**Q** 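One structure coming up, written as structure tokens, with questions to follow.
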There are 2 protein chains.
Amino acid sequence: MSLNPSKPSRGRPKTLDREHVLDVAMASYWKEDIGNLSLNEICRRCDISKPGLYREFLNEDGLMKAVILKYHQEVLSPVQQMLSTDAAFRETLDNLVLFAASINDSQGAPKGCLLIKMREAQMHLGEATRAQIDLIQEQAIATYKKWVERSKAKGEFTADMSAEFAASYIDAQLSHASSQLARGEDPQLVKRILMAALSILK
Amino acid sequence: MSLNPSKPSRGRPKTLDREHVLDVAMASYWKEDIGNLSLNEICRRCDISKPGLYREFLNEDGLMKAVILKYHQEVLSPVQQMLSTDAAFRETLDNLVLFAASINDSQGAPKGCLLIKMREAQMHLGEATRAQIDLIQEQAIATYKKWVERSKAKGEFTADMSAEFAASYIDAQLSHASSQLARGEDPQLVKRILMAALSILK
DNA sequence: CGCTTATTGTACCGACTGGTATTTAATTAG
DNA sequence: CTAATTAAATACCAGTCGGTACAATAAGCG
């Protein structure tokens, strides 16, 4: 409607590129120590003024919530979609491992999952950010659970445990792998540990 | 020698109680968000002045290193000793689980392992603290490895994996359990996940 | 009693934080 | 053109941080 891309609105035209700011902020939070990344630093990196950032995101909490939302849409959603396909359980499980342990050794590349990293950051995350993280987390567990239930129905999941527990277990192991990667541990070892832990599902 | 407890040394008598400070600091770091605990706050809680703390511990890095050292001596050493007994592998493994998932629901009680919590704190830990953490970590892995090797020799460990990998795996799972507890997750669920993950060793 | 030695706490430092009041610049509407 | 509207950036705020200069204090020694 009014969101017409060619909107000759009143006032001074906006130059702040929201997506660019989110890109820079996401990469920064992902790669570096979240607790030591100030808004001032983000502004410096985006070459925007601080009031500009506050006008766009309200406050630090707003920025981080927007970042985690973008991360979910761009990185996590594809994985969740993969869990909704009809592929064989083991095949999907392998894909999950590949995703979690995906190795990108290029210097400065982000390691692990930003969501997990934020969840583990004990720092004072704002309420909105925290709520957003919890929401995504719940969605993930629910997705795992449905996946396991479908696989059980197909006879592809035979381990003796509830779908509920299996979902928690899978989430826990993937989270841990991400956390190890973020800490800089050897990706090959992380992958082996993950595969060993998930082997109880076969 | 000269460390005689009754030393009528010159100068103004010392009133700063090093052990008390370490107790308070350890409990604080253990229970709360490490990144948001300032030296000022520690001083307030110990009722000491800031220069007093600096004289005793040099700087924040020194304090944290001293804390993690105390934690190792008081909390971790007994566990490592347990791993050096001749008890049956499974029995020791059960004890390990009990320790890791030890439930203390009293309000404000520390959850999880301080060492793991510090390792995960992405915040800028000082060099001395970081080195101390790495050292203890290496010791732990080495202890696990020896334990597995002894158990293999006794025929009590039959899983098809190297002692090296088993040690990493055990450490990883215990770390993760600690991390979950610190995050406030349900201790019963954490324990079930841990037991499931360690079941591949039996 | 000073003199020396050692520890104390007050009061401060510069740097940085999240957040904002205020002015200036760029555009459309009339 | 002027007025209205919107966004821009400068310059600031109070608060906190890790860390320190320095003077006061309390003891033994002579």
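Note that the structure is predicted; figures quoted are calculated from it, not measured. In what follows, every chain begins at residue 1, and chains take the letters A, B, ... in the order their sequences are listed. Any value given below was found using the heavy atoms of this structure, including those in side chains, with hydrogens, waters and symmetry copies removed.
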**Q** DNA chain D: B/Arg12 or B/Leu58, which has the more 5' nearest nucleotide?
**A** B/Leu58
**Q** Over how many whole Å does the gap from B/His124 atom NE2 to C/dT17 atom P extend?
**A**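 In whole Å, C/dT17 P lies 12 Å from B/His124 NE2.
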**Q** Please state whether the base of C/dG9 and the side chain of B/Lys50 form at least one donor-acceptor pair under 3.5 Å?
**A**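 By the distance-only test, no, there is no pair.
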**Q** Go through B/Trp147 and B/Phe157 one step at a time and tell me if the ring pair (Phe, Tyr, Trp, His ring centres under 6.0 Å) criterion holds.
**A** CA-CA 10 Å; B/Trp147 171 47; B/Phe157 184 101; 8.1 Å; no
**Q** May I ask you to evaluate whether B/Thr15 reaches the phosphate of C/dT7, defined as a side-chain N or O under 4.0 Å from OP1 or OP2?
**A** no
**Q** Rounding to an integer number of Å, can you tell me how far B/Tyr54 OH sits from C/dG9 P?
**A** 16 Å
**Q** Whole-Å distance between D/dA7 P and A/Phe57 CZ?
**A** 14 Å
**Q** Check whether any side-chain nitrogen or oxygen of B/Ser38 sits under 4.0 Å from OP1 or OP2 of D/dC17, and answer yes or no.
**A**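 Yes, because at least one side-chain N or O of B/Ser38 sits under 4.0 Å from OP1 or OP2 of D/dC17.
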**Q** Near B/Glu164 CD, under 6.0 Å, is it more than 12 heavy atoms from other residues, nucleotides or ligands?
**A** no
**Q** Round to the nearest Å and state the distance from B/Arg55 atom CZ to C/dA6 atom P.
**A** 12 Å
**Q** Tell me whether the side-chain N or O atoms of A/Arg10 pair up with the base of C/dT27 as donor and acceptor below 3.5 Å, since no angle test is needed here.
**A**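 No pair found.
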**Q** Within this structure, what is the CD1-to-C1' distance between A/Ile42 and C/dC16, rounded to whole angstrom?
**A** 15 Å
**Q** Is the phosphate of D/dT16, meaning OP1 or OP2, less than 4.0 Å from a side-chain N or O of B/Arg44?
**A** no
**Q** Mapping A/Pro13 and B/Asn40 onto DNA chain D by nearest heavy atom, which one lands closer to the 5' end?
**A**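 Counting from the 5' end, the first nearest nucleotide belongs to A/Pro13.
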**Q** Heavy-atom count check: over 12 atoms from other residues, nucleotides or ligands less than 6.0 Å from A/Lys154 NZ?
**A**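 Enclosed: over 12 neighbouring heavy atoms sit under 6.0 Å from NZ of A/Lys154.
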**Q** How about A/Asn36 and A/Glu41: does a side-chain donor come under 3.5 Å of a side-chain acceptor?
**A**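 The answer is no; no qualifying pair exists.
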**Q** Do other residues, nucleotides or ligands put more than 12 heavy atoms under 6.0 Å from A/Arg44 CZ?
**A** yes
**Q** Using whole Å, report how far CD1 of B/Ile48 lies from P of C/dG9.
**A** 8 Å
**Q** Write down the distance between CG (B/Asp17) and C1' (C/dT8), rounded to a whole number of angstrom.
**A**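 Rounded to whole Å, this separation is 15 Å.
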**Q** In whole Å, I'd like the distance from the NZ atom of A/Lys14 to the P atom of D/dA9.
**A** 12 Å
**Q** Nearest to the side chain of B/Pro51, heavy atoms from C-beta on, is which of C/dT8, C/dT10, D/dA8?
**A** C/dT10
